[in-house]
Amino acid sequence: MTDLTCRTANVFTQACGLQTGDRLALILPRVPEWWLVSVGCIRTGVIYMPGTTQMKAKDILYRLQVSEAKAIVTTDTLAPEVDSVAPECPSLKTKLLVSDHSREGWLDFRSLIKSASPDHICIKSKTLDPMAIFFTSGTTGFPKMAKHSHGFALRSYFPACRKLLQLKTSDVFWCLSDTGWILATLGCLLEPWTSGSTVFAHHLPQFDPKVIIETLFKYPITQCLAAPSVYRMILQHNFTSLRFPTLEHCLTGGEALLPEEQEQWNRQTGVLLHQAYGQSETGIGCGTLRGMKIKPGSMGKAIPPFDIQIIDDKGNIQPPNTEGNIGIRIKPTRPIGLFMYYENNPEKTAEVECGDFYNTGDKATIDEEGYFWFLGRSDDVINASGYRIGPAEVENALAEHPAVAESAVVSSPDPVRGEVVKAFIVLNPAFSCRDQDELIKELQQHVKSVTAPYKYPRKVEFVSELPKTITGKIKRSELRKKEFGQK
Ligand code: BCO
């Protein structure tokens, strides 16, 4: 890996002419090159921007334009999508293809690393030098760019963080996260490799609980990290045995996990399932560390150097068992590991500052022992099976279909995925006579084709009008409350 990542670094600086601070879009599935590119960027100071391979041309266009990326690395599957938008991205100078075939206008990554020198001197990065950008969805507009410093990687070395998994060199660690999320950077790269343990990777082109089970039986995996929906889907399949031969410890995060699911996993596998909490902005913020008392349903305690409190809308710390926002203290000192700011967006950066805290927008309570209990979002952002989805992203996609006059997209409860995307749609009169089931399928397919398919509305309801304020703003909260049976 040292040899290969040094070669990768040389490919970036020599063949591609990239310099420290340049941005590179990294859109690869779970292939070894994802690791090479990530570490190659860290070695050279090129800022990398991981993205899910579910993205479509428009998603890629937005990212390339807003970040002024100079390079992109992807596979054959997405290369045509990139080519379709590249003329609109004047900053994009280098396209690197990870493939056994060549493509016009693209550099062949695999041949380049073969011929590159294995000698490379790593940059002397400072804690606050930028390292990576993660795109993250909000209530309005397009995803924001949460920029992380090299201190983010450094945080993995902190004694407190080391206690989360207590990985040993003998551990074989499997993090199932898609390579586009911060969870993959932490769980597939920083956590295991900074503790010298082995990373287990599986292509998983399509998620299938049966494959997960077979893999855990077949390979000597000792620790596993996946979103709650993954554990939930496995449990709901009623497999005859979940006694995995080598599995010792499981961790989960990214969405809420019910206490009974956590207990069921423990009963059926004999392995404890610990919860953690985090965001693209924070990495892992709190968790139940190995050896710590588990309180089923709780996402554990704050992991230093983060000082996490429950705050009100003015940033005042709330007493135990009082509902409020999860806040991470940023004053007088912004902790290492928290995002630096939203790139090119001082307004949004200022919006999430609340007194002495970064306001996560997630609601929770804290108990007398310092354990956090997740309640939900305080805004319209949807968390569906661990994906953070901005309603506007789905509404914009729906608006491109001729049947849709207007739509409002909210979160709705779901027994498998925790929450799913639900769209309330007002139809254009010409479509009101269409078969509704057929039209729902068409609209779902349409969303899957214009934006990353994980965002598509799994529930659709046609309505004659949407609830609005007197100024004409759609009242998404009213629709959401109805979905969750709240008043
Ligand atoms: O369910 P459907 O079949 O109708 O649709 C699925 C896919 O089949 C489909 N799809 C995927 N790729 C496609 C495609 N359709 C067309 N073209 C393609 N290229 O789209 C739908 C995708 O939904 P999904 O990804 O939720 O599907 P799936 O396969 O059921 O996966 C289930 C999970 C649980 C594996 C998945 O939802 C998942 O990975 N969730 C976890 C997300 C995660 O890692 N979040 C963590 C973010 S980081 C963070 O929170 C900070 C924590 C420190």
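A quick note: this is a predicted structure, and the numbers were derived from the prediction, not measured. Remember, it's 1-based here, ligands and their atoms both numbered in the order they're listed.
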Which is it for K56 and ligand 1 at heavy atoms under 4.0 Å: side chain, backbone, both or neither?
side chain

Under 4.0 Å between a side-chain nitrogen and a carboxylate oxygen: does that hold for K147 and E281?
no

Nearest-neighbour protein heavy atom for atom 6 (C) of ligand 1, which is reported as residue plus atom name and distance:
R458 NH2, 3.8 Å

Looking only at N/O atoms, are Y456 and ligand 1 under 3.5 Å apart anywhere?
yes

What about the rings of Y219 and F200, do their centers lie closer together than 6.0 Å?
yes

Is there a polar contact between ligand 1 and Q206, counting only N or O atoms under 3.5 Å apart?
yes

For the 3.5 Å polar cut-off, considering only N or O atoms, please tell me whether Q54 and ligand 1 meet it.
yes

Classify the side-chain pair R480/S477 by whether it contains a donor and acceptor separated by less than 3.5 Å.
no

Pairing donors with acceptors under 3.5 angstrom, does anything connect the side chains of S229 and E255?
yes

Between K459 and S412, does any side-chain donor sit less than 3.5 Å from a side-chain acceptor?
yes

Residue, atom and distance of the protein heavy atom nearest atom 34 (C) of ligand 1 read S229 CB, 3.6 Å

Closest non-hydrogen protein atom to atom 3 (O) of ligand 1, residue and atom name please, with distance?
K448 NZ, 4.2 Å

Would you say ligand 1 has an N or O under 3.5 Å from any N or O of R417?
yes

Close approach, G253 and ligand 1, non-hydrogen under 4.0 angstrom:
no

What protein heavy atom is closest to atom 50 (O) of ligand 1, reported as residue, atom name and distance in Å?
G254 CA, 3.5 Å

Sub-4.0 Å heavy-atom approach of I182 to ligand 1
yes

Pair K210, T215: side-chain N/O donor-acceptor within cut-off below 3.5 Å
no

Establish, from distance only, whether the side-chain atoms of R388 and T136 form a donor-acceptor pair under 3.5 Å.
yes

Give the atoms of ligand 1, by number and element, whose distance to some non-hydrogen atom of W181 is under 4.0 Å.
43 (C), 44 (O), 47 (C), 48 (S)

Go through the side-chain N and O atoms of S411 and E419 and say whether any donor and acceptor fall under 3.5 Å apart.
yes

Heavy-atom contact under 4.0 Å between R388 and ligand 1?
no

Specify whether H237 and F239 have parallel, tilted or perpendicular ring planes, treating 30° as the upper limit for parallel and 60° as the lower limit for perpendicular.
parallel

Would you say the side chains of Q279 and D362 form a donor-acceptor pair under 3.5 Å?
yes

Looking only at protein heavy atoms, identify the closest one to atom 31 (O) of ligand 1 and say how far it is in Å.
F207 CB, 3.7 Å

Hydrogens and angles aside, do Y157 and R155 bring a side-chain donor and acceptor to less than 3.5 Å of each other?
no

For atom 22 (C) of ligand 1, the closest protein heavy atom turns out to be Y454 CA, 3.6 Å

Protein heavy atom at shortest distance from atom 18 (C) of ligand 1
P453 CG, 3.8 Å

With nothing but distance in play, are any N or O atoms of G386 less than 3.5 Å from an N or O of ligand 1?
yes

Would you say S385 and ligand 1 have an N/O pair spaced under 3.5 Å apart?
yes

Please write down residue, atom name and distance for the protein heavy atom closest to atom 38 (C) of ligand 1.
Y387 OH, 3.5 Å

Just checking K441: does its NZ atom have more than 12 heavy atoms from other residues, nucleotides or ligands closer to it than 6.0 angstrom?
no

